[in-house]
Number of protein chains: 2
Amino acid sequence: MGPLLSDRSRDILEAIIEEHIATAEPVGSKAITQRPSIGLSSASVRNVMSELEDSGFLTSPHTSAGRIPTDKGYRYYVDSVLKVNRLNRQQKTQIEAHYRNRGLQMGDLLRETSRTLSAMAHYTGLVMIPRIKSTVFRHIEFVKLSSRKILAVFVTQSGLVQNRLIEHDEDLSHHDLEQITNYLNQTMAGLSIREAQALILSQMAKEKALYDHLLQRAFRLSQVALDDATGGDVIIEGTSHLFEQPEFNDLERMKRIFQTFEQKRALINLLDLGLQAKGVRVLIGSETEHSEISGCSLITSAYYGKAGTLGTLGILGPSRMPYSSIIPIVDYTASLISRMLEDDSE
Amino acid sequence: MGPLLSDRSRDILEAIIEEHIATAEPVGSKAITQRPSIGLSSASVRNVMSELEDSGFLTSPHTSAGRIPTDKGYRYYVDSVLKVNRLNRQQKTQIEAHYRNRGLQMGDLLRETSRTLSAMAHYTGLVMIPRIKSTVFRHIEFVKLSSRKILAVFVTQSGLVQNRLIEHDEDLSHHDLEQITNYLNQTMAGLSIREAQALILSQMAKEKALYDHLLQRAFRLSQVALDDATGGDVIIEGTSHLFEQPEFNDLERMKRIFQTFEQKRALINLLDLGLQAKGVRVLIGSETEHSEISGCSLITSAYYGKAGTLGTLGILGPSRMPYSSIIPIVDYTASLISRMLEDDSE
DNA sequence: CTTAGCACTCTTGCCTTTCGAGTGCTAACC
DNA sequence: GGTTAGCACTCGAAAGGCAAGAGTGCTAAG
């Protein structure tokens, strides 16, 4: 896909984009001629640039200011031109160093991953916390906080801890809770949450007939505890890096971006899109269909545990981003923590 | 304390500060004379302003630009002039509305509180998560994730859930862990963490003599689980409000502030200062001794659970802040969630 | 002690000018 | 034919100048 361009047009588009990525300035025809790979005069380059503008790959801020890539331009570049670097030994070591010497539990591991991404890329790091539904049951516990309030604490195979407060209209004794806990832990051991939920529903129908009071309670509690209503959260780190980018010199724009960070909803939706995709996914500018972060690109990849896809992680930065070096960072980090999460649950 | 000023100087300082808070501009002598409370000519006001500048309460950005309060000026104002408003019915209802209709567990409650503070004040809300040490033990659970890894999940009286990954060199069976769990839950029920830790230490000494293998393990595990090394965290909400303030039009400054938000360390230290203090505490500009957030003020208050002080919460905004309306917001919110946390553990 | 008056200072906004970068077009060149 | 030198043109950025306005400090009179 992507419209076909002549070799020459492609080379010049590549040169313009790379120059723009390096300088953050609109690039003129003269700058291009100075590249060894282009053996043309500035006049010829101008002709090509004019064509590229007509077909929507470039745009000019004003008449006499050189040209900058459009989202379409970046898209073509990423899809058809870009050659992704491989990480060198040193970079890999640098990433791995973030995880050395610590027994990190799931939550901390994900936070550290977001930090790693942000530190390596000098942009903002994003890590989506796994949806409960995509995890495997390990352990559940009901702790009685007061006569009406029960805290359900729930641990997944990969060590993610979730908890939910349940208001119960009936006073269950410690002993009752213990029995419920034991029963549920035995019954649901090793099930995926999806399976567990199905089991609960079918059992609830049955138990109504059997009229076993305690079991009824057990299933009702576990149903609430495993309910996924809270729906996803995302860990954002390294937001201050955005201040370093000249394209974010605009306070109004920064405000909108940070509002988006705070609401998280929109980010979660964007990250969700990457759940199914294989490998690294690049969303450029308006493709995010979220005007609040226009001018930004999002590089994401899914990460996995033993039970399959857990979530996505990625980097948010300006569209003017050195894709060739950012993409492998996301790729390597995703596969690294996937490996860690798979090993973990042995 | 606070240097003594004549009534007149005090009135004029008050007028200048309130005018500056309202307009965000340097205020000149003429603006002051228009206030009904000041029955003086601009010339007289100028004389007083000159004195106030000499004694360090005011400063002028340049010769012909009116004057703005210094940190010392704000400090005097807050300590000796300010009359704090009371919240009206509507504001209280507004705050309470944030907590209606939801069974919020501890973590969510604190996050919601940070949101509430930020929404009510239009500045950034901060809530410190309680240090383990200042809480009461409720429940502990050890979940075996793999042969070497044990996840310790630990619930406090107020429903705060903490977890820690323990790498253990010995393969404990599920049955062992269950016994350990039961024993510890019985032994430590109702103790404060401080007491529990003391108990663990003394028992560990004893058990060495008694040579009970399982108990030794139990105490060693619980020691690690209750270790407070992670030390505090703070929930920050509403950072985007800062963009609305004219004094934060400076990108370089914003960057420093957001870096401070990311590191959190400095914020935690500042919030810690408010742990002992009774009532609302105001830190103005340079008093924070943290140049990164110079020009900011921090209004904090401690909040309580049944077992005493849990942590502090507050609002971060520009020094030019309507203290009279912000202080009661912090005050009321702190007492409101304290009440909720006390009730909770009945 | 207060205040009117006034000279002085400095910023702000606005206008003009200049400069330079970059373009598009045309005509000459290979 | 494609390619390129040359050139007029456009437009923004930077610099300078000017007037307006706000605010001050000082002085002298009330």
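Reminder, nothing fancy here: chain letters follow the sequence lines and each chain counts from 1.
At a threshold of 4.0 Å, the pair B/Asp7-B/Arg10 counts as salt-bridged, since one of the basic side-chain nitrogens sits closer than that to a carboxylate oxygen.
For the segment residues 19-55 of chain A, residues with any heavy atom less than 4.0 angstrom from an atom of DNA chain C are, sorted by number, A/Gly28, A/Ser29, A/Arg46, A/Met49.
B/Thr116 and B/Thr113 share no side-chain donor-acceptor pair at under 3.5 Å. Under the 3.5 Å distance criterion, with hydrogens and angles disregarded, no donor-acceptor pair is assigned to the side chains of B/Ser118 and B/Glu237. Checking A/Gln91 against A/Tyr332 by side-chain atom types alone, no donor-acceptor pair falls below 3.5 Å. For the residue pair A/Ser29 and A/Arg46, a side-chain donor N or O sits within less than 3.5 Å of a side-chain acceptor on the partner. Between B/Thr239 and A/Glu262, the side chains place a donor N or O and an acceptor N or O closer than 3.5 Å (distance only, hydrogens not considered). Using modelled atom types and a 3.5 Å distance limit, the side chains of B/Thr59 and B/Glu53 yield no donor-acceptor pair.
A/Arg8 has no side-chain polar atom (N or O) that falls below the 4.0 Å cut-off from OP1 or OP2 of D/dG2. An OP1 or OP2 oxygen of D/dG25 is reached within less than 4.0 angstrom by a side-chain nitrogen or oxygen of B/Arg67.
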N/O to N/O distances under 3.5 Å, protein versus nucleotides 9-19 of chain C:
residue: C/dC10; atom: O2; partner: B/Ser64; partner atom: OG; Å: 2.9

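With rounding to whole Å, A/Ile16 atom CD1 is found 12 Å from C/dG22 atom P.
Between the side chain of B/Arg320 and the backbone N or O of B/Ile21, at least one donor-acceptor pair lies under 3.5 Å.
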